[in-house]
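Working notes, beginning with the structure itself.
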2 protein chains.
Amino acid sequence: MSTQVGTADAHGDVTHANSVAREVIDRIADRWVLLVISALGDGTLRYSQLRTRIDGISHKMLTRTLRNLERDGLIARHVHPTSPPQVDYTLTPPGRTLLRTVSGICHWTRDHLDHIETARRAYDAKLS
Amino acid sequence: MSTQVGTADAHGDVTHANSVAREVIDRIADRWVLLVISALGDGTLRYSQLRTRIDGISHKMLTRTLRNLERDGLIARHVHPTSPPQVDYTLTPPGRTLLRTVSGICHWTRDHLDHIETARRAYDAKLS
DNA sequence: CTGGATCCTAAACGATACTG
DNA sequence: CAGTATCGTTTAGGATCCAG
């Protein structure tokens with residue numbers, strides 16, 4: 001597989017397409033993005049629910065991650081006009097397709113955890 | 001899907017498993033890791049070939065990424081006893097299974113590039 | 001050619017305080 | 001409850017020099 005991700009059609013601005021592709025990959029290759037998408041795979045969740053579900057995420061990073069994902073059209077934000085306010089987040093259709101990919105990552109991780117731990121110990125031992 | 005990735009068997013140290021899982025996710029959720037794995041999907045490559053294929057990667061980050069992937073048993077490093085030295089890198093069997101996941105990310109990105117660009121413009125326009 | 005070590009800057013992040 | 005803004009710290013990462 002090539003590093004080039006952009007659609008290299010005849011008239012397209014390939015350089016631009018690739019820069020955007022890199023940008024999007026950077027968006028996805030983010031621990032918090034992965035965990036948020038994964039959490040929303042269970043269904044709609046409120047801000048506070050995400051906060052407690054995603055272990056270790058800070059107030060600031062959750063907000064930033066949600067804003068970015070919303071901007072990219074991957075999650076939908078709905079504000080209930082109550083007091084105190086309640087805001088919930090849901091995966092959009094494109095967000096749900098991303099969920100499949102993200103699930104793939106999680107499954108791969110779970111399946112290879114032991115392998116990797118063993119490999120790391122073996123590697124570290126060899127440096128003695 | 002749950003945030004918990006670790007194998008939560010009866011006797012296992014779940015906390016430990018999850019901390020490792022998080023660690024592994026952090027390893028994969030890395031721009032350079034994704035690009036290196038992707039590049040090696042084409043087959044064995046030498047250090048310098050990776051350097052030129054992966055646009056924008058620095059000497060330091062390529063070396064660090066390769067060391068980490070080697071430690072995790074995802075790539076194999078082979079040194080030819082020549083002068084000057086030649087070193088090539090190949091995906092190991094577990095590395096090749098990761099490649100499928102990584103390819104999924106690349107495909108998803110390519111397929112949703114336009115969607116995301118449009119969504120971003122729409123979002124930004126609404127902030128006027 | 002490959003790769004380690006060091007310095008240094010820019011960005012990411014957490015903690016905290018404040019608002020509707 | 002959800003969100004913004006600011007500050008201070010930590011980290012990632014690039015540039016550079018040296019070595020086998």
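In what follows, every chain begins at residue 1, and chains take the letters A, B, ... in the order their sequences are listed.
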Apply salt bridge (Lys or Arg N to Asp or Glu O under 4.0 Å) to the pair A/Arg120 and A/Glu117, showing each step before the final yes or no. CA-CA 5 Å; A/Arg120 285 183 181 177; A/Glu117 276 203 283; over 6 Å; no
B/Arg51 near the nucleic acid: base, sugar-phosphate alone, or nothing, with a heavy-atom cut-off under 4.0 Å? nothing
Hey, can you tell me if A/His112 and A/Trp108 have their rings parallel, tilted or perpendicular (30° and 60° cut-offs)? parallel
Separation of D/dA12 atom P from B/Ile57 atom CD1, nearest Å, is 15 Å
Chain B reaches DNA chain C, atoms under 4.0 Å from its heavy atoms, from C/dC1 to C/dC7
>> Tell me whether the rings of A/Tyr47 and A/His59 are parallel (<30°), tilted (30 to 60°) or perpendicular (>60°).
In response: perpendicular
(Q) Counting the atoms with a prime plus P, OP1 and OP2 as sugar-phosphate, which does A/Arg77 contact under 4.0 Å by heavy atoms, base, sugar-phosphate, or nothing? (A) sugar-phosphate
Rounded to 10°, the helix from C/dC1-D/dG20 to C/dG20-D/dC1 deviates from straight, judged by its five-pair end axes, by 40°
Separation of D/dG13 atom C1' from B/Ile54 atom CD1, nearest Å, is 15 Å
Per the under-4.0 Å heavy-atom filter, residues of residues 59-71 of chain A near DNA chain C come out as A/Lys60, A/Met61
Between the CD1 atom in A/Ile105 and the CD1 atom in B/Ile105, the distance rounded to the nearest 0.5 Å is 3.5 Å
B/Asp26 atom CG is separated from D/dT11 atom P, nearest whole Å, by 13 Å
Of A/Pro84 and A/Arg31, the one whose nearest nucleotide on DNA chain C sits closer to the 5' end is A/Arg31
When rounded to the nearest 0.5 Å, the distance separating NE2 of B/His115 from OG1 of A/Thr92 is 8.5 Å
